[in-house]
Number of protein chains: 2
Amino acid sequence: MQLSNTSQYAIRTLTYMATHKEVQMNATQLSRVLDIPYKFLTKIMTDLVKVDLVESIRGREGGYLLKKQSREIALRDILTVFHDGIEQEQCILGIGVCSSLCKCALHDQWVAPKQQIQQMFEQTTLADIAGQGCKI
Amino acid sequence: MQLSNTSQYAIRTLTYMATHKEVQMNATQLSRVLDIPYKFLTKIMTDLVKVDLVESIRGREGGYLLKKQSREIALRDILTVFHDGIEQEQCILGIGVCSSLCKCALHDQWVAPKQQIQQMFEQTTLADIAGQGCKI
DNA sequence: TATTAATTCTACCTTTCAGTAGTAATTAGT
DNA sequence: ACTAATTACTACTGAAAGGTAGAATTAATA
């Protein structure tokens, strides 16, 4: 019941980039500052480039840039790239899908917490969390 | 961001047993009714026996029984057996632990949803969900 | 006591996630 | 044109989760 390593790395990286919008970062710098394995980071960044959340500049003096305003990027946008987060109809007990017609035993208790998590991931943008906290 | 298969199976099995307290079930029956691989189910049940949530009766005419009243078994009790659920201080971004002294960028947004999930898993017992829903 | 139906134990296989290695492609600067 | 610095691609390795196989153990019943 937690985010995958990949999602955590992605959120941390984009958040860090959002707090330093002006400067263009490259993979080596990000890897060092955030203590994320270099090769793993570049793999993740490539995925983020493909879905147009990040722009990559190849070659010498290259690096990465956010492709949208940080307030335009919600955490949910990042999580869906890696099939993480919580899907609307996904049953918490893993029995197919839960709808109002047919639900699992735990469905009613799960509705409220699920809603709150989903809302949090949808409403929270990089702008909201950039620069917050004392850990990177 | 979801429960492990093991946790899901465990909750479903114990919930089913709670709704049929009178009768003693064996692994073959549970496996068929709940559509859980037999060998996997028995492995899970053995773990639940070890932590005293379930009583096993070995040999012919054997099977499994809940060892406590269903209202005495919270979902949290089951999840902790398989190291699932949400730990109190575990950082959602995976950067060590989050405390009031030093927290991650997402900490503040995460507090409320986390609290609600934890409460749900602590307060919901097998008695609450036994017989609910239309899926087993 | 022998049989049979059940749980338990040990070991293995398979799939997915996490992480690594090497090379190709791209581009700025000289 | 060449070099150095950078991202992208392909393929591999290691660890954990999910799942399977077979034999050992237990106990009721005939």
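Throughout, protein chains are lettered first and strands after them, A, B, ... in sequence-line order, and every chain is numbered starting at 1.
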Exam field: side chain [X] to backbone [Y], donor-acceptor pair closer than 3.5 Å:
X      : Y      : answer
A:K68  : A:L53  : no
B:T125 : B:A127 : yes
B:K135 : A:V97  : yes
B:Q24  : B:E61  : yes
A:D84  : A:S7   : no

More than 12 heavy atoms from other groups under 6.0 Å of CD on A:E122: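 Enclosed: over 12 neighbouring heavy atoms sit under 6.0 Å from CD of A:E122.
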Over 12 non-hydrogen atoms of neighbours within 6.0 angstrom of CG in A:D35: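 It does not: A:D35 CG has 12 such atoms or fewer within range.
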Would you please name every residue forming a ring pair (Phe, Tyr, Trp, His ring centres under 6.0 Å) with B:H20, sequence neighbours left out? B:Y16
Polar atom pairs between nucleotides 28-30 of chain D and protein, under 3.5 Å, N or O only, would you list them?
none

Heavy-atom contacts under 4.0 Å between residues 74-87 of chain B and DNA chain D, which residues? none
DNA chain C contacts made by [range], counting heavy atoms under 4.0 Å:
range                     : answer
residues 1-18 of chain A  : A:S4, A:N5, A:T6, A:Y9
residues 40-50 of chain A : A:F40, A:K43
residues 24-32 of chain B : B:N26, B:A27

Pick the closest DNA chain C nucleotide for A:I57 and for A:P37 by heavy atoms, then say which residue is nearer the 5' end. A:P37
Answer yes if B:V49 and B:L65 sit in the same cluster of Ile, Leu, Val, Met, Phe, Trp and Tyr residues linked by side chain heavy atoms under 4.5 Å apart, and no otherwise. no
Show each protein N/O and nucleotides 14-16 of chain D N/O combination with a separation under 3.5 Å, one pair to a line.
none

Applying ring pair (Phe, Tyr, Trp, His ring centres under 6.0 Å), which residue pairs with at least one partner in [range] are found, sequence neighbours left out?
range                       : result
residues 109-136 of chain B : none
residues 72-94 of chain A   : none
residues 26-75 of chain A   : A:Y9-A:F40

Salt bridge B:K67-B:E55, side-chain N to carboxylate O under 4.0 Å: no
Would you classify A:Y64 as touching base, sugar-phosphate or nothing, given that sugar-phosphate means primed atoms plus P, OP1 and OP2, and contacts are heavy atoms under 4.0 Å?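 Contact class for A:Y64: sugar-phosphate only.
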Nearest 0.5 Å, please: how far is [atom2] in [Y] from [atom1] in [X]?
X      : Y      : atom1 : atom2 : result
B:H107 : A:C134 : NE2   : SG    : 10.5 Å
B:M120 : B:L75  : CE    : CG    : 7.0 Å
B:T15  : B:I129 : OG1   : CD1   : 3.5 Å

Yes or no on side chain to side chain contact (heavy atoms under 4.5 Å, CB included) for B:L66 and B:L126, after CA distance, side-chain angles and deciding distance? CA-CA 11 Å; B:L66 290 184; B:L126 292 183; 4.3 Å; yes
Please identify the 5'-most and 3'-most nucleotides of DNA chain C with any atom under 4.0 angstrom from a heavy atom of chain A.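 Using the under 4.0 Å cut-off, the span is C:dA18 to C:dA28.
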Start with the C-alpha distance between B:K43 and B:T46, add both sets of side-chain angles, then the distance that settles side chain to side chain contact (heavy atoms under 4.5 Å, CB included), and finish with yes or no. CA-CA 5 Å; B:K43 181 189 272 186; B:T46 302; 5.7 Å; no
List in chain and number order the residues that pass side chain to side chain donor-acceptor pair (under 3.5 Å) with B:Q8, two or more places apart in sequence or in another chain; answer none if no residue qualifies. none
Spacing between B:I36 atom CD1 and D:dG18 atom C1', to the nearest angstrom: 13 Å
Atom pair distance, as rounded to whole Å: CD in B:E55 and P in D:dA27: 12 Å
A:C98 and A:C104 SG atoms under 2.5 angstrom apart: no
Compare side-chain N and O positions of A:S56 against OP1 and OP2 of D:dT6 and report whether any pair is under 4.0 Å apart. no
